Each structure stands twice: as C-alpha cells, then as structure tokens.
Amino acid sequence: MTVGTAPVSTGIRGFLAARRAGRPRQARRTSRALVAVFVGPSLLIYLMFMVYPFLGTVMLSLTSWDGFARTKDFIGLDNYVVLLGDEAFWNALVHNLLWAVVGTAAPILIGLPLAIVLWSGARFRLAFRAMYFLPVILPSVVAGIIWGWIYNPLFGVLNSLLEGVGLGSFTNGWLGDPDTALWAVLGAAIWGAFGTLVVFFLAGLQGIDLNLIDAARVDGANAWQRTRHVILPGIAPMFTFVLTITLVGAFSVFDIIYVLTLGGPGTATEVLAGYAYKMAFGRNFAGYGSAVAMIIAALSLVLAIAFLKIRERGQVSG
Amino acid sequence: MTKRISFIFASVALLAVACGGSTNGPATPRPASQAPAGSIPAGPAASTPAASTEPTGTVNLLVGIAEEPAIEQRLNDQVKEFNDSHPNIQVKRESLDNDQLRTVIQTRLSSGSVDLFGYDTGPGFGGVLARAGLLADMGPAYDRYRWPVFDWAKARCTYKGVLSCLPGQVEEVGIYYNKTMFDADGYSEPKTLDDLKTIMDGLKAKGITPLAFGDQPKWPAGHQFSMTLSNIVGRDGLDARFYGEKHWNDAETVKAIDIFFKQFKDAGYFPKDPNAVTYEDANALFYSGKAAMIPTGTWLVSEITEKAKFDVGFMAFPSIDGSSISPPAGLGGGLFVNANSKNPDAAFAYIDWLLKPEQIKKWDLGTFASIPAVPIDASSVTVSPLFGKVLSDLAASSGTSGTFGYNIDVLAPAAFNDVMSDGFQNVLAGKETPQGLADKLEAAYQKAMAAGDTIQKP
C-alpha cells in the first residue's frame with residue numbers, strides 16, 4: 001500500500017532531516033527560491049485582491065467618508081457605536097439569521113437524500129445529477145429574474161398554477177407582501193443552492209469504503225442504520241464543509257435579493273449586505289456601510305473558525 | 001399618427017420659468033438615472049464663437065443606459081453622427097446600469113477615465129461630487145459658447161456658486177390615459193379628484209385596472225407623492241418644506257400620502273399587489289389596454305408613442321378639494337465634466353454641438369421626444385400627437401411661476417429618498433400609516449438638514 005508513496009515520503013523526510021542536520025547553504029537558498037516561486041504569485045494576488053481591500057474596508061469603517069470626498073475623517077469606533085442602536089441594522093441581521101437557518105437547513109435536507117439516492121445507483125442518475133446541477137450554472141441574477149417571473153402577480157406561473165388546481169384564494173403578490181417576500185426569495189435561493197450541495201455530498205460519498213457498507217449489510221443493518229452509522233460519519237468532513245460555506249454565504253447574500261425585491265417591500269427582505277450597499281452607495285455613508293460590511297466579515301469569520309474547529313475535533317476523535 | 005407642430009416655442013421658456021420659479025428655486029424630477037441616457041439638454045446656441053483652435057482628442061462619455069434598446073441605439077447613432085462630422089474629436093460613449101453608475105462614478109472620475117458624464121443634479125448626487133471637487137467649473141464654457149440655458153435650470157447645476165453642469169431635459173409628471181377608451185366610455189379629463197374617482201370606479205366595474213401603478217423598483221412612489229403633495233400645497237408649500245419652514249409630517253403631507261397610497265390602494269384602483277409590479281410590467285398593462293391610465297413622467301412619451309396602439313392623452317393630477325393643479329416638473333439630470341478630465345475642451349465642444357438648433361430639432365424633439373432646458377423653436381418639427389400635447393400643456397401652463405410643483409426625489413437628500421421609497425411600500429402593504437411615514441420623513445429631513453445635506457434657500 002505504501003510502496004508508491006514511500007519515495008516521496010522518504011524524500012520529504014530526507015529533506016527535513018537534512019535541513020535539521022544543516023545542509024549546505026546553497027541547497028537552502030534553492031529551496032527558499034522554489035517556495036517563493038510557487039507561493040509568491042498566489043500570495044501576491046491574495047495580498048492585492050483580498051488582504052488589501054479587507055484592510056482598506058477596516059480603515060474606511062473607522063471614518064465618516066461619504067464615498068466621494070478626497071479626505072476621510074477618522075472617527076474611531078463611532079460607526080460601530082451607532083450600529084448598536086440602528087434598528088434597520090438589527091432588522092437586517094434578523095433576516096440574515098433566518099436565512100442562515102432556513103437557507104442552510106433546507107438545501108441540506110433536500111440535497112443530502114438526493115445525493116445518497118444518486119450515489120446508491122438510482123436509474124438515470126447521470127441525467128438526474130445534471131438536472132439537479134442545472135440551477136447552479138445559472139448566475140444568481142438570472143435565477144432571480146426567472147423566479148421574478150414565476151412569482152409575478154400579473155402573469156406568474158405560481159399563481160396560475162394555484163388557480164388551476166382550485167387554490168385561487170392562495171394567490172398572492174409573493175414578492176410584494178411583507179409577510180411572504182422573504183420566504184419567496186428564500187425559496188428561489190434554495191432552488192439555486194441545493195444542486196451544489198448534491199454535488200458536494202456526492203463527492204463526499206465517493207470517499208466511503210463500499211466494503212463498510214457491505215459489512216454493515218451482512219451484519220443486518222437496515223438502510224437507516226447504514227446511513228446513520230456508516231454513511232453520515234463517512235461524509236462528516238464534507239458535511240462540516242457544506243455547513244460552513246452555506247452559513248458563511250447566508251451572511252453575505254445579496255444578489256438574488258437585490259434582483260427580486262431590492263430589499264423590499266419596505267425593508268422586509270433587507271439583509272446586512274444589502275444594507276451595507278444601501279448605506280454606502282444609496283445614502284453616501286461609505287464609512288458606515290463599511291462598518292456593516294465588517295460585521296458581516298466578522299460573523300462569517302467566527303462561523304468559519306467555529307466549524308473548522310469542529311471539523312478538526314471530529315477528525316482527531318475519528 | 002403624427003402632426004406638424006408649427007408654433008414657436010418661445011413659450012417653453014416661460015415653462016422653464018414656471019419650473020424653476022426663481023432662478024434659485026428647487027427644480028425637477030426623476031432620477032436622471034431613469035432618463036434616456038443621451039437625451040441631453042439641448043437648445044440653440046445663440047452664436048457659437050469659434051474657438052481659436054479646434055479642440056481635439058477623445059471624450060469618454062459615461063451615462064446611464066436607456067431603458068429601451070431602440071433608444072440606446074439612437075443615442076449611439078447621435079454620437080456617431082458627431083464623430084463623423086468632427087474628425088478631430090472622438091466621443092466614446094459608455095452606458096451603464098444606473099445603479100452601477102452610482103457605485104463606480106467616484107472611482108472613474110478620480111482615475112480620469114471619464115471626461116463627460118450624465119448624473120442627477122440633486123444635493124445627494126451632483127452636490128456630493130461638487131463637494132468632493134470632482135466637477136469641472138463649466139462657467140467659462142458657458143461664457144465662451146454662450147449656451148442659452150434658462151437661469152432656473154442653471155441654478156440647479158450650481159453648487160456653492162460654481163456652475164458645474166448642463167441641465168438635462170425638462171420633465172413633467174402626470175397621468176397618461178387611454179384616450180380611445182375614455183372616448184368610448186364617454187369620459188373626459190377629470191378636473192377634480194372626485195371626477196377621477198368616478199372614472200376609476202367605472203373602469204374598475206368593467207374589469208379594467210384604473211391606474212397601472214407598480215412600485216417594485218421603489219422610486220415610482222416618489223413621483224406619485226410629488227403629484228398629490230404639489231397639488232395640495234403648491235410650489236410655495238413645497239419650497240417651505242425644502243427650506244425647513246414647514247414640516248413633512250403636517251396634515252397636508254399626510255393627506256397627500258393618504259390619498260394615493262391608502263385610499264387608492266384600498267379602493268382597488270391599482271393592479272393587485274403594486275409592490276410586486278415592476279415599472280415595465282405596469283407600462284405593459286397600459287400598452288395592452290388592461291389598464292386605462294398610467295401615472296408617470298414625460299420621459300415615457302417616446303416609448304408610449306411607439307408601443308401604444310391607441311390614442312393616448314396626458315393630463316395633470318386633478319385638483320384635490322379645490323386645490324391648485326401644480327404638476328411636478330423640472331430637470332431630468334444633467335451633463336457634467338470631470339475635474340480630472342484631460343480633455344475638457346473637447347467635451348465642451350461636444351456639448352456645444354448638442355445645443356445647436358438643428359441637433360435639438362433632429363434629436364431632442366424629433367427622436368427622443370425630450371424637451372431641453374433652453375428656448376426652443378419647434379416650428380417645422382414633426383412630432384407625435386402625444387408629444388405635441390405634452391409640449392402644448394407645458395407651454396400653456398407656463399404663464400405663472402406657481403404653476404408647477406417639484407419632483408421631490410430630485411431635490412431631497414438621499415436619506416430622505418430612502419425613507420420615502422421604503423415607506424411608501426410599507427403604506428401600500430398596510431404595514432405603515434400615512435402619519436407614521438410622514439413622521440419618519442420629517443425625522444429624516446431634519447437629520448439631513450442638520451448635516452447640511454438639503455438645498456439652501458436662495
């Protein structure tokens with residue numbers, strides 16, 4: 001089993017051992033140069049397009065910049081203090097939390113069973129896999145436009161369908177009613193997301209040793225027991241990864257809401273990213289908008305770290 | 001379908017006075033972002049003194065994209081015509097989605113990659129750019145080319161005493177109606193709110209949507225509010241509110257909100273769920289004959305002329321309980337020159353070309369059905385009956401300076417507009433009372449005043 005990897009392994013070990021033993025300076029220089037060649041370009045890109053804008057946003061969040069002036073007045077943490085008492089901010093955060101719960105749970109509940117069915121050898125699985133993945137290849141703006149048509153109160157398919165099956169009393173202006181708008185947008189987002197999760201879960205399922213499944217079956221485990229005790233633990237790392245990206249995505253969601261409702265009616269579908277955009281570009285409070293953006297970043301970071309810790313703990317205990 | 005308008009519109013100059021009242025009063029409407037991107041103000045250059053040396057170079061023009069692809073194409077054609085006739089200057093036109101324009105404008109201006117651009121003139125738009133030192137002083141160009149722009153319109157482009165833009169087209173907000181349908185049902189233009197309600201009740205009983213009002217994009221509501229409030233309080237009442245002498249939560253303001261957003265909604269005069277109906281869908285309802293009227297601005301004349309297969313009339317919102325009729329009117333944005341432009345003279349030369357009488361006749365009046373903020377001679381120009389009606393209405397109403405109201409969102413600060421657009425959706429949804437919204441408007445305006453973001457009394 002390890003024959004193929006031995007030389008590499010030995011090579012690395014050898015290299016490290018040699019380093020510890022004090023190899024010639026020339027070799028060390030070469031290895032450093034190699035590291036620089038391989039890591040340098042991507043590090044540079046990362047610094048330019050991730051770290052620099054991030055730090056820039058941190059700085060902006062500490063100013064009262066209007067987005068246009070040549071000078072940016074430093075105001076310390078004032079923007080963050082104002083945020084604490086900003087009702088619209090908390091309203092948006094509540095929407096994000098709702099999005100995080102429903103927008104994470106629903107695609108998993110839909111995507112995981114579908115992935116298991118496809119993985120277990122369902123007929124036409126390739127066709128189904130392609131079909132489920134189809135929404136993913138649509139840009140969310142296009143998906144938003146399509147769902148805007150579906151929900152349209154004048155000619156939308158959804159209302160026509162309801163009328164067609166005798167449920168005309170349930171027809172609604174889905175995106176124009178504050179009581180249904182967020183759910184309607186969530187529905188569209190879930191439709192766009194679950195296909196990705198199917199693909200991720202399928203990738204995770206490919207890593208499960210089929211011998212374990214067979215062994216469980218021989219031991220008399222039924223389908224649920226096999227899923228509970230073999231399959232789910234097998235895809236636990238992928239599960240954590242999926243949870244992390246969907247939760248982080250829930251706090252930065254913007255485009256589909258912007259296309260479908262502009263955060264309306266009123267602020268019924270306004271989320272933090274939309275609020276940051278509105279503050280920065282609608283009201284010319286770029287500093288304040290940056291502060292909202294930093295809150296999004298902080299929430300995402302905390303979530304990502306928390307789930308990575310959970311994942312690591314799971315791997316250690318596993 | 002077209003008729004020849006053979007009268008000289010010196011009276012449009014009066015209209016302009018009416019739109020502005022004084023040379024410093026607040027001016028006009030809808031987000032320039034909504035305006036046809038190139039229906040740039042035009043007017044007869046009184047006499048253009050030839051520059052000592054002909055400007056040369058490239059002019060990078062950045063504007064909001066036109067709503068109709070056909071109009072966008074014509075705007076490109078207009079630029080091409082200029083380029084073909086001016087080999088020393090090349091105008092490169094770039095159009096962006098209006099929201100996108102707002103997000104990139106600061107960067108584009110600072111980088112110098114834009115020489116000339118279309119933008120709103122209000123304090124939250126052009127005013128902010130002027131404060132940031134991003135706008136070129138156009139005063140010398142005005143003097144040099146003697147552009148005959150109305151004083152009231154120039155006032156809308158003047159920030160802290162510096163003339164910084166060329167005013168856009170003159171626009172009015174009113175109600176288009178299906179004249180064929182009205183004639184068939186024996187209706188005439190309503191003179192009072194009660195008349196209008198009677199007509200709308202009759203239309204509703206026939207299964208026709210009376211008013212094709214869609215507020216999904218949020219900005220249309222501001223125009224309807226401008227119509228009712230302008231009528232109720234008149235131009236002076238609006239001035240008083242803009243200058244902080246009256247409040248935005250008094251009984252008159254509440255009444256203006258209540259009539260359109262509560263009473264009309266409750267009476268079923270709108271399509272069901274107007275918060276979910278887009279501007280385009282509302283327009284489509286009107287074009288298809290499923291709705292009898294559509295409340296919007298004169299920027300839609302060109303599109304309506306093209307798409308409506310019936311006779312269309314245009315009227316102001318009628319008198320409310322004996323009030324005056326003061327339709328909102330003013331400017332639809334302006335053309336600005338970047339302070340960092342490497343080639344401002346070429347940009348000015350392009351503007352001067354746009355203001356030539358023959359260009360105004362061909363493009364503004366003849367192609368875009370837009371009215372420039374300069375004295376115009378519409379003789380020998382062939383226009384549609386609808387545009388002719390709009391022109392004559394504007395001219396006929398221009399006798400007194402108090403005739404026109406304002407489109408509020410152009411003159412109000414951005415934060416106020418935000419409260420307005422969110423708030424009207426909430427009132428339409430029954431989640432907010434007219435008084436509650438008025439209180440929020442007042443709070444937003446007071447806050448903006450304290451921050452110096454409102455227009456100043458001359």
Side-chain angles (χ1 to χ4, degrees), chain A residues 64-72 82 87-88 91-92 141 145 147-156 158-159 168 171-181 184-185 258-270 274-286 288-289, chain B residues 99-107 109-110 123-125 127-135 209 212 214-219 271-278 281-282 284-285 288 290-291 413-419 421-432 437 444 448 451 453:
Chain A
S64 60
W65 193 45
D66 66 1
F68 296 94
R70 291 175 199 273
T71 56
K72 302 175 180 73
V82 174
E87 197 182 324
N91 174 59
V141 171
I145 291 170
W147 278 91
W149 291 336
I150 292 171
Y151 289 134
N152 192 295
L154 302 176
F155 56 78
L158 182 56
N159 281 348
T171 60
N172 196 6
W174 301 99
L175 298 171
D177 181 344
D179 295 330
T180 58
V185 179
Y258 190 76
V259 171
L260 281 171
T261 64
L262 294 168
T267 54
T269 57
E270 190 159 85
Y275 188 57
Y277 178 86
K278 183 158 91 173
M279 286 292 115
F281 298 108
R283 295 194 186 179
N284 302 329
F285 298 147
Y288 193 75
Chain B
D99 287 333
Q100 196 186 356
L101 178 64
R102 190 147 190 210
T103 62
V104 303
I105 194 70
Q106 193 268 352
T107 317
L109 294 180
S110 298
F125 299 87
V128 179
L129 297 180
R131 271 212 304 264
L134 293 168
L135 303 180
T209 301
D215 196 37
Q216 190 272 349
K218 297 187 175 186
W219 58 262
K272 199 180 167 211
D273 307 305
N275 280 338
V277 177
T278 65
D281 286 346
L285 273 181
S288 66
K290 290 179 180 168
F416 180 89
N417 286 341
D418 248 2
V419 173
S421 22
D422 286 343
F424 287 126
Q425 285 198 328
N426 282 331
V427 174
L428 287 165
K431 299 286 182 187
E432 178 79 273
L437 173 57
D453 289 339

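It should be emphasised that the depicted structure is a prediction, and the values quoted were computed from it without experimental measurement. In what follows, every chain begins at residue 1, and chains take the letters A, B, ... in the order their sequences are listed. No hydrogens, no waters, no symmetry mates; every other heavy atom, side chains included, goes into these values.
- By the 4.0 Å N-to-carboxylate-O rule, A:Asp177 lies too far from B:Lys272 to be salt-bridged with it.
- Nearest heavy-atom pair, A:Pro265 versus B:Asn426, reported as atom, atom and distance to 0.1 Å: O-OD1, 4.0 Å.
- Nearest heavy atom pair, residue B:Leu134 against residue A:Phe68, reads CD1-O, 4.1 Å.
- Remark: side-chain polar atoms of B:Gln216 are paired, donor with acceptor, to backbone N or O of A:Leu260 under 3.5 angstrom.
- Between chain A and the residues B:Asp281, B:Ile105, B:Val427, the most heavy-atom pairs under 4.5 angstrom are made by B:Asp281.
- When A:Gly264, A:Pro153, A:Gly148 are compared by the number of non-hydrogen pairs under 4.5 Å with chain B, A:Pro153 comes out ahead.
- Neither the backbone nor the side chain of A:Tyr151 comes within contact range of chain B, judged by heavy atoms closer than 4.5 Å.
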Exercise for the section: Take A:Leu154 and B:Lys290 through the test side-chain contact (heavy atoms from CB on, under 4.5 Å) and record every step on the way to the result. Expected result: CA-CA 11 Å; A:Leu154 302 176; B:Lys290 290 179 180 168; over 6 Å; no

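- In terms of modelled atom types and a separation under 3.5 Å, the side chain of A:Arg283 and the main chain of B:Asp418 share no donor-acceptor contact.
- In this structure, chain A has a heavy atom under 4.5 Å from the side chain of B:Leu285, while its backbone stays farther away.
- Judged by distance alone, the side chain of B:Lys218 and the main-chain N or O of A:Leu262 form a donor-acceptor pair under 3.5 Å.
- Pairing each heavy atom of A:Gly176 with each of B:Ala276, the nearest pair is N-CB, 3.5 Å.
- Interface remark: A:Thr71 contributes no atoms to any contact with chain B (heavy atom separation under 4.5 Å).
- B:Asp422 approaches A:Gly266 most closely through the heavy-atom pair OD1-O, 3.1 Å.
- With rounding to the nearest 0.5 angstrom, the OG1 atom of A:Thr267 is 11.5 Å from the NZ atom of B:Lys431.
- B:Asp273 CG to A:Thr171 OG1: the interatomic distance, rounded to the nearest 0.5 Å, is 8.0 Å.
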